[in-house]
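Notes to accompany the following structure.
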Protein chains: 2
Amino acid sequence: MSLREPGGRRPTMRDVAARAQVSFKTVSRVVNDEGGVSPPLERRVRKAIDELDFRPNVGARILRRSDRRTASIGLLLEDVANPFSAAVQRAVEDEAEHRGVVVYSASLDEDPARERALAKAFGARNVDGLLLVPAGDDQSHLAAELRAGTAIVCVDREANNLPVDSVVTTNEIGAAEGVRHLAAAGHRRIAFLGDRTTIATARQRYVGYEEALRGLGLSVDPALVVRDVRDAGVADGAVTALLGRPDPPTAFFTAQNLVTVGAVRALRRLGREHAVALVGFDDFLLADLLRPGVTVVAQDPTAIGRIAAGLLFARIDGDTSPPQRRLVPTTLIRRGSGEIAPD
Amino acid sequence: MSLREPGGRRPTMRDVAARAQVSFKTVSRVVNDEGGVSPPLERRVRKAIDELDFRPNVGARILRRSDRRTASIGLLLEDVANPFSAAVQRAVEDEAEHRGVVVYSASLDEDPARERALAKAFGARNVDGLLLVPAGDDQSHLAAELRAGTAIVCVDREANNLPVDSVVTTNEIGAAEGVRHLAAAGHRRIAFLGDRTTIATARQRYVGYEEALRGLGLSVDPALVVRDVRDAGVADGAVTALLGRPDPPTAFFTAQNLVTVGAVRALRRLGREHAVALVGFDDFLLADLLRPGVTVVAQDPTAIGRIAAGLLFARIDGDTSPPQRRLVPTTLIRRGSGEIAPD
DNA sequence: AGCGAACGAGACAACGTTGTCATCGACTGT
DNA sequence: ACAGTCGATGACAACGTTGTCTCGTTCGCT
């Protein structure tokens with residue numbers, strides 16, 4: 001199989017034509033339903049196609065076709081293993097399959113170098129469009145793709161230095177709502193735990209936290225703010241440390257799903273899960289089955305994926321209106337942990 | 001953008017050649033590091049490539065190349081939104097990226113028609129290999145792909161009527177271990193809740209359940225067996241119904257992750273979670289944070305994905321040894337729910 | 001019957017690349 | 001100085017398909 005031995009050759013239109021005793025152009029006409037082929041000939045050709053299990057070579061077709069469409073798109077996510085990314089991918093797949101478009105996918109792990117390498121790899125394969133969760137703070141390297149006619153839509157975050165559509169969660173508003181919800185339960189010392197500050201959404205959620213506090217006439221205590229929390233373990237440690245302070249927070253706002261999980265673990269270990277309030281950003285499976293249930297500001301990754309795919313296909317179909325930013329709202333889901341009052 | 005207007009044309013080797021004042025064949029030599037190009041010419045060519053941001057057209061390259069490799073594979077999963085599938089995909093992506101191979105992915109939702117359609121779509125794009133979680137009980141339609149030289153490896157389930165490698169969990173052994181674990185805690189009436197019987201793994205896990213009971217000298221009570229449970233809601237209902245019987249089970253073995261989640265919900269609602277034992281097949285996030293923690297027979301989706309990708313690339317690289325079946329063992333993780341004794 | 005339109009079918013070029021072969025100039029050894 | 005060699009470069013075909021053009025037949029109309 002290494003060098004695709006003689007037997008391992010796919011039949012071509014010439015093979016079909018020989019078997020059906022017609023010219024290969026006639027086969028092309030039948031395959032593409034161009035019409036202008038008499039019924040008897042068409043029957044012969046279709047029979048030959050079936051017998052040989054012929055499938056047109058997509059590569060050659062694209063090469064020749066004038067519109068140059070490959071009916072493929074590239075999907076560059078943060079990490080498919082994260083439920084948020086997985087839900088986005090599933091929504092995109094459904095929209096794509098529906099249109100007969102295939103999807104390349106890859107995880108970037110927040111690495112700008114991978115973003116560049118994979119966008120390049122997909123571009124070289126002439127994808128019609130690219131759906132991208134930007135990693136890093138400069139997407140200008142994609143300008144050439146854009147010029148070459150590749151549609152690009154950013155998902156979950158806006159692009160930097162690149163005029164493209166984006167579909168994002170209302171991060172500031174949602175975070176502010178979560179924080180206000182904690183304040184409404186009586187909390188004044190609300191800690192913030194956020195993801196890496198290199199990630200725009202993490203910064204926006206922090207801004208929402210600050211704004212909410214300010215709007216409530218509360219001051220932001222830097223001692224209660226821990227940013228650049230990169231995983232559940234670090235979150236666990238941060239919660240433990242904060243609760244060990246002389247003047248500990250009475251509530252936590254955790255700005256990312258893994259951070260929330262880490263906080264739940266810490267509260268459990270300390271036996272404080274019914275005493276310290278918690279609101280997390282982004283929902284997760286089983287959050288309702290924990291005791292107490294975890295109150296979250298839920299995002300809607302399925303809607304994000306669906307809308308992003310819709311925009312992308314509109315661009316591919318020729319929409320040249322100015323870049324737009326579509327906002328997807330969050331929903332506060334009360335489950336118990338966010339309704340705990342301070343001591 | 002619709003018909004890719006004049007500006008939207010990618011530069012070709014001819015464009016580069018014109019700018020560098022060489023023949024386009026020389027450009028090809030430089031691009032492929034073939035050697036035999038003098039340093040000054042090479043410099044000129046590389047400069048032109050940079051200035052035009054030229055990228056070779058992968059489609060054309062594949063069409064012409066003698067080895068016919070596309071450096072792409074197709075991944076056909078059950079559903080990326082399911083954590084098991086997502087973990088497999090992530091492992092496959094990592095192996096692929098490492099080799100400079102891009103990955104098409106799609107979810108089949110257990111639909112044999114989608115399996116056929118998507119395998120065909122990927123095949124027409126000449127993927128070098130196909131990683132497949134078989135949907136339905138006949139994969140013979142893939143024989144033509146195999147003949148055409150496409151490597152195929154099945155993941156999580158074996159193929160039917162197709163001589164290909166597969167990588168599967170030790171379903172029978174794992175299920176039997178879970179059931180024996182419940183019996184060791186003193187249970188005699190252990191219910192079985194399983195996924196659709198059209199799915200081979202669901203059948204194997206049931207066999208493991210039966211074998212374990214028989215090995216323990218216990219009889220299989222058909223009233224305690226509910227198969228074809230297709231989602232968490234149905235599982236919830238089944239648990240509720242079983243516990244409402246005059247002679248209810250004292251323990252549950254749930255043979256799939258969503259089924260387990262449904263069972264947990266039901267036990268919670270009935271307030272029986274500390275009274276009725278539960279062991280689930282397949283681990284899930286936060287299972288350790290529930291009260292009681294959910295004891296599971298954990299699979300290793302990352303290992304499955306990694307091994308499957310390894311086998312696939314070996315086949316692509318020319319391995320023609322007979323098809324093999326690789327087994328990935330399970331691990332029993334005790335967390336509390338499986339250690340509850342009967343009343 | 002004669003003529004043009006309409007249509008079925010094939011010949012051929014082209015897409016952007018790689019593989020094969022030819023050409024040309026310079027360098028080697030005697 | 002001259003045949004032989006070698007290295008660099010280019011011309012050209014080919015991959016499998018679609019688009020354009022041409023050709024030949026049939027059909028309807030006068």
Side-chain angles (χ1 to χ4, degrees), chain A residues 3-4 6 8-46 48-49 52-71 123-126 148-149, chain B residues 3-4 6 8-46 48-49 52-71 123-126 148-149:
Chain A
L3 294 171
R4 215 166 273 260
R9 197 181 133 272
R10 287 176 192 275
T12 73
M13 284 189 174
R14 294 199 134 81
D15 300 323
V16 175
R19 179 169 262 259
Q21 314 239 56
V22 297
S23 79
F24 75 99
K25 176 69 226 200
T26 299
V27 177
S28 168
R29 279 194 257 264
V30 171
V31 168
N32 295 297
D33 285 319
E34 272 183 42
V37 177
S38 66
L41 267 201
E42 170 156 359
R43 267 195 303 279
R44 253 159 55 202
V45 170
R46 291 208 185 278
I49 288 176
L52 295 175
D53 196 39
F54 166 80
R55 301 220 240 299
N57 179 316
V58 176
R61 158 177 288 172
I62 290 159
L63 187 58
R64 183 58 179 113
R65 267 223 172 119
S66 47
D67 66 3
R68 278 316 164 78
R69 291 293 179 67
T70 56
R125 286 178 153 77
N126 287 300
Chain B
L3 294 172
R4 216 166 272 259
R9 197 180 132 272
R10 287 177 193 274
T12 72
M13 284 190 175
R14 293 200 135 79
D15 300 324
V16 175
R19 180 169 261 259
Q21 315 240 53
V22 296
S23 79
F24 75 98
K25 176 66 223 200
T26 299
V27 177
S28 169
R29 279 196 256 263
V30 171
V31 167
N32 295 296
D33 286 320
E34 273 183 42
V37 177
S38 66
L41 267 201
E42 170 157 359
R43 268 196 302 279
R44 253 159 56 202
V45 171
R46 292 211 183 276
I49 287 176
L52 295 176
D53 197 38
F54 165 79
R55 301 221 242 295
N57 179 316
V58 176
R61 157 176 291 173
I62 290 160
L63 188 57
R64 184 57 179 110
R65 268 225 171 116
S66 45
D67 67 3
R68 279 311 166 80
R69 291 292 178 67
T70 57
R125 287 179 153 77
N126 288 300

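In what follows, chains carry the letters A, B, and so on, assigned in the order in which the sequence lines appear, proteins first and then strands, with residues in each chain numbered from 1.
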(request) For B:Ile62, answer base if it contacts any base atom (sugar-phosphate contacts may also be present), sugar-phosphate if it contacts only those atoms, and nothing otherwise; contact means non-hydrogen atoms under 4.0 Å. (result) nothing
(message) Could you work out, with side chain to side chain donor-acceptor pair (under 3.5 Å) as the rule, every residue matching B:Ser23, not counting sequence neighbours?
(response) B:Thr26
(message) Rounded to the nearest 0.5 Å, what separates atom CD1 in A:Ile62 from atom CZ in A:Arg68?
(response) 9.0 Å
(request) Take atom CE of A:Met13 and atom P of C:dA9, then tell me their distance rounded to the nearest Å. (result) 16 Å
(message) So, OP1 or OP2 of D:dG10: does either fall under 4.0 Å of a side-chain N or O from B:Thr26?
(response) yes
(message) Mind checking if A:Val22 touches a base, just sugar-phosphate, or nothing, with heavy atoms under 4.0 Å?
(response) sugar-phosphate
(message) Against B:Val16, only a single residue in B:Val31, B:Val22, B:Leu52 fulfils side chain to side chain contact (heavy atoms under 4.5 Å, CB included); can you say which?
(response) B:Leu52
(message) Quick test of your reading: applying salt bridge (charged side-chain N to carboxylate O under 4.0 Å, His left out), list the pairs with at least one residue in residues 36-45 of chain A, sequence neighbours left out, ordered by first then second residue.
(response) A:Glu42-A:Arg46
(message) Rounded at 0.5 Å granularity, tell me how far CD in B:Gln21 sits from CG in B:Leu41.
(response) 10.5 Å
(request) Find out whether A:Val27 and A:Val30 are in side-chain contact, i.e. whether some heavy atom of one side chain is under 4.5 Å from a heavy atom of the other. (result) no
(message) Without decimals, in angstroms, what is the distance between A:Arg10 CZ and D:dT17 P?
(response) 11 Å
(message) So does A:Gly59 get a backbone contact from the side chain of B:Arg125, meaning a donor-acceptor N/O pair under 3.5 Å?
(response) no
(request) For DNA chain C, find the residues of residues 28-39 of chain B with a heavy-atom distance under 4.0 Å and give them by number; none if there aren't any. (result) B:Ser28, B:Asn32
Protein-nucleotides 12-15 of chain D N/O pairs under 3.5 Å:
from	atom 1	to	atom 2	distance (Å)
D:dA14	N3	B:Arg64	NE	2.6
D:dC15	O3'	B:Arg68	NH2	2.8
D:dC15	O2	B:Arg64	N	3.4

(request) Any chance you could measure B:Arg19, atom CZ, to B:Ile49, atom CD1, to the nearest 0.5 Å? (result) 12.0 Å
(request) Report yes if some heavy atom in the side chain of A:Asn126 is under 4.5 Å from a heavy atom in the side chain of B:Asn57; otherwise report no. (result) yes
(message) So for the helix from C:dA1-D:dT30 to C:dT30-D:dA1, with five pairs setting each end axis, what is the inter-axis angle to 10°?
(response) 40°
(message) Test of understanding: with side-chain contact (heavy atoms from CB on, under 4.5 Å), list the residues that count as partners of B:Asn32, not counting sequence neighbours.
(response) B:Ser28, B:Glu34, B:Arg61, B:Arg65
(request) Starting from P on D:dT25, measure out to CG on A:Leu41 and report it in whole angstrom. (result) 16 Å
(message) Rounded to whole Å, please give me the gap between CG in A:Asn57 and P in C:dT17.
(response) 16 Å
(request) Please step through side chain to side chain contact (heavy atoms under 4.5 Å, CB included) for the pair A:Val45 and A:Val37, ending with a clear verdict. (result) CA-CA 10 Å; A:Val45 170; A:Val37 177; 5.8 Å; no
(request) Give the rounded distance in Å between these two atoms: CZ of A:Arg69 and P of D:dT18. (result) 16 Å
